[in-house]
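Working notes, beginning with the structure itself.
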Amino acid sequence: MLEVRNLHACINGKEILKGVDLTIKDGEIHALMGTNGAGKSTLSNVIVGHPSYEVTAGSITFNGQNLLEMKPEERAHAGIFLSFQQPVEIPGVSMVNFMRAAVNARHKALGEEQMKSTDFLKLMREKRKFVEIDNKLINRSVNEGFSGGEKKRNEIFQMAMLEPKFCILDETDSGLDVDALRIVAEGFNKLRTKETSAMVITHYQRLLDYIRPDVVHVLLDGRIVKTGGAELAQEIENRGFDWIKEEVTE
Amino acid sequence: MSESNEFVRKVAEEKYKFGFTTDIHTEIIDKGLNEDVIRTISSKKGEPEWLLEFRLEAYRYWLTQKQPEWGHLKMPDIDYQAISYYADPTKKKKDSGSKEIDPELMKTFDKLGIPLEERLALSGTAVDAVMDSVSVKTTFKERLAEKNIIFCSISEAVREYPELVRAYLGSVVPYRDNYFAALNSAVFSDGSFVYIPKNTRCPMELSTYFRINARNTGQFERTLIVCDEGSYVSYLEGCTAPMRDENQLHAAIVEIVVMDNAEVKYSTVQNWYPGDADGKGGVLNLVTKRGHLRGVNSKLSWTQVETGSAITWKYPSCILTGDNSQAEFYSVAVTNNYQQADTGTKMIHIGKNTRSTIISKGISAGRSQNSYRGLVKVGANADGARNYSSCDSLLLGSLCGAHTFPYMDVHNNTATVEHEATTSKISEEQLFYCNQRGISTEEAVGLIVNGYAKDVINKLPMEFAVEAQKLLSVSLEGTVG
Amino acid sequence: MNGGKQYIDLYRESREIIMQHSASLMNAVRDEAFGCFERIGFPSRKVERYKYTDVEKAFAPDYGLNLTRIDIPVNPQDVFKCDVPNLSTQLFFMENDAFYKGNQRSVLSEDGVIITSLKKAADKYSDIVGKYYSKLADVTSDSITALNTAFAQDGLFVYVPRNVQLKRPVQIVNILRSGVDMMVNRRVLIVLEEGADATFLFCDHAMDNVHFLTTQVIEVFVADNAHADIYELEETHTKCKRFSNLYIKTGGYCTVSHNNITLFNGLTRNTTDVILDGEYSELTLNGCVVADKKQYVDNNTLIDHRKPNCTSNELYKYVVDESAVGAFAGRILVQKDAQHTVSQETNANLCVTKEARVYTQPMLEIYADDVKCAHGSTIGLLDESALFYMQQRGISAEEARMLLKFAFVGQVIEQVKLEPLRDRLQRLVEKRFRGELNKCIGCAICK
């Protein structure tokens, strides 16, 4: 279970999050919506520990652990996975070596035995199927020369490899055509277990047609100003955010 | 994230694991350099008169020359009279007449991972082990002799195959070539000699392992490789030295002759002692390496991974005389702390349709300076010559420097010469992406640096590639915190 | 010391005359500059920055100098016609090193802009000239600059005050004119105050069939937020040798571009040193060389990034034909504090004949880690498949070759911001390739 309490965070001295409260229980899917610059990506970056952001007040706990005291890789080992909005390219580092390093680091952190090379490659082959990702991509450098859609698929593929407990999908739908969106979303759904929880950041209803949220939050100007069920997303799709802004100012 | 790149600021002490010394009786001649010293070296080796003359001519020429200053290097003053030019660790205290190798020497090379007993050797690699001025042992000589391949120390070659040595020694790197080549030609001690006869594929990797042990000595090895028509050899070179506070001088020459349709691969993993974290001590690695592609369709490939030495001044070069000859230079140079490297290559295109490729990857950390310097020259008759050069620099930290000095001289309109260079750093976004996937920053840097150097590492023979990858990670350990 | 003896002797003999016919501000730095020249002499080819040009040889012949400033009886307006239609410039002539007396009013009424003889300005505007003259061109490190500073008696001075924008480009036509072999030491000082905006076009022409040796030092000071575009176009003849050292120093938030185009010459050595001494400035250095016969062109540039967040772009293209020689050395220096520098350097060369020579040396010297720098350099021949493709479409091989060469340097010309000038250059270069260039009506050599 993820618990965010009164979270304030800033970047380059500018306050972006101004007191966020959020509880995501195991197995729940929460959608996070809001205008550009409202702080959605900031919230996800702060949860995974991006060093550019400074937390000035509040707390984040994950299954009882104080996340704010943990390094980014320790948070990853605890089971938190971020599907980046813009995955970075790492030239020269093959996906195989990259994933092997990630999987081994996780095993080590969890006190498990290192995987044998053959088992690892077998696992790669298996997981690839979830997102219908081409073997050629796997042999290339991390994200290098990938199209926008391939990068997003590659994120979900890594999720499959690392089997996280809590996933953040940061605008995973942006730049995807309908077919690619379906593949990515269905891949995610196949990977979910009863315990997996997720925070889905999106501007559009169409992703939420595939990944049904239990709860929808609206983040405006660094605060969650409205929370509702799946129907709230539909309403935003139809009416935009202005009516919520008006509600808030009233 | 702070402006000053928190993660690259901390430069920790790195451990040099080959820094031990061997306690062994070593016969060292008095310090200093003059004609008598050269005569002494020559007589200790029982050399013929012509070789002594060669040495003396080189010495006299050296006296007229000045140490070059064009490198992007801050070179410490070298007192050539404070160095001993001959150290022999194989000499017994009392000449017992025994031919057995001192067990201490065997142990030293075992510890370095170079077993000198053939039954323990890495599969398929013959080794010539050189400590200080003397070759300790060459393995698998008999097996190679079955194919008429000669692999022995150069001292032995001078005795056993004087005609071959005389025909090629100094033919690729004449003693007048440069200051350090002249010095080496005057005082060279040991090194390896390889001769591959016509139409022979050398059945195993040949390698020489150089070790400096004695204090206040320099190592001046000389390697000569001749690959005759239609033959092939892959040769590896490795080197280490103890940690000492003073600089140690290493001025070597490697000459390679490649005949018609022959191919030579020369790989180096250079791990001389780089000095401590404050820049004290370390080997001054001042080396002239050159191959002459004499024959048509001949091939020569230099691959180097340079992680050691306080100063590296080294330009493994190729003279492409034979028509359709092909040359390659693949280099990774890592500098950390106060190390300085000025390294690169020269590709001299003389024959028609000659091809050369240069791939250089510089990695600078700490307060080091890392320069690529290269010349591509296309002569008037080198119709259809082609060169492609790519020189990339990676900077880890804001106190180091990365420089690229390519020179291209083209005297033929049918030539195509291309050069590219880029400079980059490991971005914080890349590191964070790895962190988010559970990979620690230290490991991420190793991963990214090895990925960056991959094109070069892949050119090394298997065992060397694995060692090189480890070395890269170790050399940069502690550059990020 | 290399072969500078005749110049040392000349200076010693003529020091008084030189000074008598110049201004006191220029005389003030003369002896020091001469001392430097005496000490360093002409650079040998072992000097890294001059390895491609034999300076001593170029300076060895005996040239006359117009030290006593005798007027040359000619009206340049009669012999020079600018063939740029639609290019409305403020036109000024320089005769050898002197500001032509018949030029339009030298002090422009608008907003205190000054364009005049350097010698006159040194007396009349001594506060400005004194602040900048010989402050950027370092006499201690470059012997051409030292020699020029010792001998230069006059030249051009341009001053653009704060926030003044020159509506029309300033065109300076340098005319070499002499009945005997002549050495010219020209000096130019350009000062752009904060927020100023100006475009300069320098055209080099030679009117007489004698040997000319020109040294030129241009100092350009560009203050914060100022904008300068400088074009240099050399169309002299095979008996002309040109040694031109251009020094530019910028403040912050400047936009500066320099285009150096060599179409006709004998031997040319251009040194371009730019210091980016303020943040967020943008520099463009472009050059294009078309050389044949025995033309010799050596461009040597240095971009010194001293402050963070600046951008530099450099593009030099050469077409080297017959037995001409092209040399390019470009050094990009990124100092320790110059984080977030973005720099791209490109040099491309076409070597047309077997006798043509190309030397190229792009250099990166980087002391800051958070930078994006790249350089690329190519030497090659025309794309055979493109040639064939055009031939298949019925274009003659010769015409196809011309088109490809033209397209090759076109990339540099396209970056010329002034549209009429760009059009003119395109035509000029095309004519140059076709061998139809009728450069200037008055030119004695190239008719």
Side-chain angles (χ1 to χ4, degrees), chain B residues 3-5 8 69-70 72 362 364-365 367 369-378 380-428, chain C residues 46-48 51-52 308 320-323 325-384:
Chain B
E3 268 289 303
S4 57
N5 296 326
V8 290
E69 287 170 352
W70 42 260
H72 193 92
S364 329
R367 293 168 182 272
Q369 298 294 332
N370 198 329
S371 306
Y372 166 82
R373 186 181 303 276
L375 168 69
V376 175
K377 186 165 183 168
V378 179
N381 296 320
D383 289 354
R386 275 176 177 275
N387 162 269
Y388 172 73
S389 310
S390 161
C391 306
D392 297 328
S393 308
L394 189 66
L395 289 121
L396 306 173
S398 54
L399 300 172
C400 50
H403 320 297
T404 319
F405 305 105
Y407 299 74
M408 280 149 275
D409 296 358
V410 175
H411 297 196
N412 187 301
N413 66 313
T414 59
T416 309
V417 176
E418 282 178 82
H419 172 92
E420 295 172 355
T422 62
T423 298
S424 56
K425 60 177 250 173
I426 298 178
S427 78
E428 282 155 13
Chain C
K46 282 194 172 172
V47 173
E48 185 70 16
K51 66 183 295 185
Y52 300 123
V320 185
D321 206 340
E322 297 178 22
S323 36
V325 178
F328 170 80
R331 177 165 162 232
I332 306 221
L333 172 62
V334 180
Q335 309 252 18
K336 199 165 146 285
D337 295 328
Q339 293 291 3
H340 307 118
T341 291
V342 177
S343 180
Q344 167 76 44
E345 178 184 81
T346 308
N347 168 233
N349 304 278
L350 270 184
C351 214
V352 182
T353 64
K354 221 174 154 74
E355 289 70 35
R357 303 264 182 281
V358 172
Y359 302 90
T360 163
Q361 200 195 340
M363 290 169 278
L364 291 175
E365 206 174 326
I366 295 166
Y367 298 92
D369 64 329
D370 196 1
V371 298
K372 280 198 194 99
C373 296
H375 66 216
S377 183
T378 59
I379 304 170
L381 56 171
L382 293 169
D383 182 349
E384 290 295 328

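First the proteins, then the strands, lettered A, B, ... as listed; each starts at 1. Here the structure is a predicted model, which means the values were calculated and not measured.
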Rounded distance [0.5 Å steps], [atom1] in [X] versus [atom2] in [Y]:
X        : Y        : atom1 : atom2 : value
C:Leu333 : B:His403 : CG    : NE2   : 9.0 Å
B:Ser371 : C:Met363 : OG    : CE    : 12.0 Å
B:Asn413 : C:Asp321 : CG    : CG    : 9.5 Å

Identify the heavy atoms of [X] and [Y] that sit nearest to each other, and give their distance.
X        : Y        : result
B:Ser398 : C:Asp369 : CB-OD1, 3.4 Å
C:Leu364 : B:Ala421 : CD1-CB, 4.2 Å
B:Pro406 : C:Pro362 : CD-O, 2.6 Å

**Study point:** Top contributor to chain B contacts, counting heavy-atom pairs under 4.5 Å, from C:Gln361, C:Glu345, C:His375, C:Lys336
**Key:** C:His375
Practice item. Identify the residue among B:Thr423, B:Asn370, B:Thr404 that makes a side-chain contact (heavy atoms from CB on, under 4.5 Å) with C:Ile366. Key: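 Filter result, single survivor: B:Thr423.
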Practice item. Could you check which of B:Ala402, B:Ser390, B:Gly401, B:Ser424 has the highest count of heavy-atom pairs closer than 4.5 Å to chain C? Key: B:Ala402
Practice item. Flag the one option from B:Thr416, B:Leu395, B:Val417 with the top tally of heavy-atom pairs under 4.5 Å to chain C. Key: B:Val417
Using non-hydrogen atoms and a 4.5 Å limit, figure out which bit of [X] sits close to chain B: side chain, backbone, both or neither.
X       : value
C:Lys46 : neither
C:Glu48 : side chain
C:Tyr52 : side chain

Practice item. Mind checking salt bridge (charged side-chain N to carboxylate O under 4.0 Å, His left out) for C:Arg331 and listing every partner two or more places apart, or none if nothing turns up? Key: C:Glu365
**Study point:** Under 4.5 Å from a heavy atom of chain C, the part of B:Leu399 involved
**Key:**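 When you check distances to chain C, only side chain atoms of B:Leu399 fall under 4.5 Å.
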Pair up each side-chain donor or acceptor in residues 350-358 of chain C with any protein partner under 3.5 Å, not counting sequence neighbours, and list the distances.
from	atom 1	to	atom 2	distance (Å)
C:Thr353	OG1	C:Glu322	N	3.4
C:Thr353	OG1	C:Glu322	O	2.4
C:Thr353	OG1	C:Glu355	N	3.4
C:Thr353	OG1	C:Ala356	N	3.2
C:Lys354	NZ	B:Ala380	O	3.4
C:Lys354	NZ	B:Asp383	OD1	2.6
C:Lys354	NZ	B:Asp383	OD2	3.4
C:Arg357	NE	B:His411	ND1	3.3
C:Arg357	NH1	C:Glu355	O	3.1

